[in-house]
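Since the structure comes first, as structure tokens, the remarks are kept for the end.
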Amino acid sequence: MSYFRAVDPFPLESPEQTRLAAFYAGLADGRLTTTRCTGCDRTAWPPRLFCPECGADGVEWVDLPREGTVHGFTVQETGLPAGFPAPRVFAIVTVGGHRIFTVLLDADPARVAVGQPVRFVPLAIDPDSKGNPRWLPAFTPSA
Amino acid sequence: MRKVALVGAGVSKFGVRKASYRDLIWEAGKACFDAVPGVKPRDVEGLVVGSVMPERTAFQSHISSLAAEALGIRPGALSARTEHMCASGTVGIRYAYAFIAAGLADLVMVLGVEKLNQPSGDEAILNMGTGVDREWEAAFGLTAPPCFALAAQRHMAEYGTTEEQLALVGVKNHTHASKNPNAHFGKGATLDQVLCSRMISTPLRLFMCSPITDGAAAVVLASEDRARDLTDRPVWIRGTGQALDGFQLTSLHEDYAHWPALRRAAGAAYRMAGVTAADVDVAEVHDCFAIAELIAYEELGFCAKGEAGPFVAAGRSDYGGDVVVNPRGGLIGCGHPLGATGVAQAAEIFVQLRNEAGARQVPDAALGLTHNNSGMGEHVVMLYGREAA
């Protein structure tokens with residue numbers, strides 16, 4: 001197992017490891033958040049430390065809507081990386097004017113469609129090397 | 001700027017090779033030196049090595065120095081590695097070109113090498129996740145196939161492109177590869193075989209995808225004076241362009257069937273060369289997946305936007321058509337040893353423009369193009385001419 005720790009593909013989410021830790025803390029609370037520039041009010045996705053539009057370094061955390069729609073998708077049936085089960089529905093979803101890359105959970109691959117409504121669900125993944133829980137922003141069909 | 005030409009090229013056998021990272025460097029380097037008898041390793045002033053993930057596959061960094069020592073090169077002007085995912089090889093050629101054009105060197109080798117099938121097949125696929133964003137993409141299990149599948153879905157919905165048209169890219173490139181003894185695959189493929197191959201990521205099937213391949217390729221670039229001393233048939237670099245739209249999928253054009261960065265990179269190269277798409281006789285384009293070759297036809301200007309499906313179906317990208325695309329078999333037929341691919345594309349254009357391509361020869365090829373991408377959002381284009389201007 002120590003070997004696979006060395007090729008851990010998941011984000012480092014704790015406050016000791018990333019300045020985006022507030023985002024991951026939000027996921028643990030069931031909230032989908034991102035950063036908004038306090039200089040020009042633009043909201044970014046994904047969250048970031050400074051605004052690439054106006055250059056201001058002040059950002060604040062804001063909630064994104066929990067509902068979105070499928071912008072595009074594909075079902076990967078084979079050739080997934082080790083540890084990721086098939087089939088897997090990869091999707092771009094539109095949420096609050098942002099495009100978010102994600103996976104659709106509990107979705108029938110044959111019934112996924114562009115424009116389909118989806119809702120945010122935090123996805124628990126392997127804990128980090130110190131045993132801290134980790135989360136990703138996933139979505140699932142609303143209906 | 002000074003004129004720069006290719007004066008030699010060589011490739012290793014591509015495939016799932018019983019050969020080490022260093023063996024592959026030896027094979028391609030030796031083949032390249034054999035192609036340009038006037039150049040001894042000690043004459044080479046610079047070496048640029050394109051290689052993406054030797055740290056993961058070969059437990060090896062410090063690549064350019066390793067390769068220089070293996071080949072007997074003692075760089076005095078330039079030694080560097082380029083890592084730019086799948087475009088690493090062509091990015092290396094651009095550096096060598098700029099160095100020579102600026103007068104900082106006269107003779108530089110660019111070598112691309114990758115040993116992907118190591119230590120295991122599962123890990124080879126996991127490693128591909130390093131080419132997308134770990135935090136926002138790879139963590140979900142994303143590698144290249146779903147990215148290009150999103151583009152294929154969009155192209156089919158928007159322009160009516162069919163599975164059969166996607167499959168015809170696979171048929172063409174597997175057929176071309178059957179005439180290339182260095183290709184990963186040598187048996188060709190029928191339309192039925194492509195359409196019945198297993199699904200990777202909807203709608204892309206196995207034979208519409210490039211495989212995971214070990215391989216290496218090398219070219220030697222020279223200043224005008226050195227080039228004319230070394231060969232009576234230099235292959236001149238006529239134009240080059242590179243452009244980035246974005247890294248993450250969600251930073252790209254919201255319509256994944258549109259690749260504006262490729263259009264910009266191609267435009268820069270065409271302007272620099274003073275040519276248009278209609279002048280290109282032979283093109284090596286980045287068919288990592290069949291949809292990529294179709295979209296490349298459009299963004300490179302070989303056909304109008306949305307018409308790539310009918311273009312391939314009518315044979316206009318094959319021998320006897322408007323432009324021969326991927327005569328060596330492309331990434332689908334030759335394989336895709338990431339860092340080696342861009343250099344192998346240049347090596348093919350080198351033999352094509354010198355009329356040395358044998359069974360693959362494109363009749364009277366005078367202007368050649370290479371297109372190498374690193375994801376859908378970043379593209380590099382080179383133009384090569386039989387004539388210097």
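What's counted below: heavy atoms across the whole structure, side chains too, no hydrogens, waters or symmetry copies. Quick note on labels: first sequence line is chain A, next is B, and so on, each numbered from 1.
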ring-ring contact (aromatic ring centres under 6.0 Å, His included) partner of B:Trp136, chosen from A:Phe101, A:Phe10, A:Trp45:
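The passing option is A:Trp45.
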For the atom pair OG1 (B:Thr143) and CZ (A:Phe90), what is the distance rounded to the nearest 0.5 Å?
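If we round to the nearest 0.5 Å, B:Thr143:OG1 and A:Phe90:CZ are 6.5 Å apart.
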If you define the side chain from C-beta out and look only at heavy atoms, does anything of [X] sit under 4.5 Å from [Y]?
X: A:Leu80; Y: B:Ile125; value: no
X: A:Glu77; Y: B:Ile200; value: no
X: A:Leu20; Y: B:Glu135; value: yes
X: A:Ile92; Y: B:Leu150; value: yes
X: B:Glu254; Y: A:Arg99; value: yes

Side chain / backbone / both / neither for [X] at chain B, heavy atoms under 4.5 Å:
X: A:His98; result: neither
X: A:Thr94; result: neither
X: A:Pro137; result: both

B:Leu142 versus chain A, heavy atoms under 4.5 Å apart: side chain, backbone, both or neither?
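When you check distances to chain A, atoms from both the backbone and side chain of B:Leu142 fall under 4.5 Å.
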Engaged part of B:Gln153 at the chain A interface, taking heavy atoms whose separation is under 4.5 Å:
side chain
Residues 184-191 of chain B, side-chain donor-acceptor partners within the protein, below 3.5 Å, at least two apart:
| unit_1 | atom_1 | unit_2 | atom_2 | d |
| --- | --- | --- | --- | --- |
| B:His184 | ND1 | B:Thr213 | OG1 | 2.7 |
| B:Thr190 | OG1 | B:Gln193 | N | 3.1 |
| B:Thr190 | OG1 | B:Gln193 | OE1 | 3.4 |

For B:Gly141 and A:Pro81, the nearest pair of non-hydrogen atoms, with its separation, is O-CD, 3.4 Å
Shortest non-hydrogen contact from B:Ser201 to A:Thr74?
OG-OG1, 2.9 Å
Any chance CG of A:Asp57 has more than 12 other-residue heavy atoms, nucleotides or ligands included, within less than 6.0 Å?
no
Is the CZ atom of A:Phe84 crowded by more than 12 outside heavy atoms at less than 6.0 Å?
yes
Has [X] got a side-chain atom pairing as donor or acceptor with [Y]'s backbone, closer than 3.5 angstrom?
X: A:Arg88; Y: B:Phe140; result: yes
X: A:Thr78; Y: B:Met199; result: yes
X: B:Arg134; Y: A:Asp8; result: yes

Option that, when pairs with chain A are counted at under 4.5 Å, heavy atom only, ranks first among B:Pro203, B:Cys209, B:Ala139:
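Heavy-atom pair counts peak at B:Ala139.
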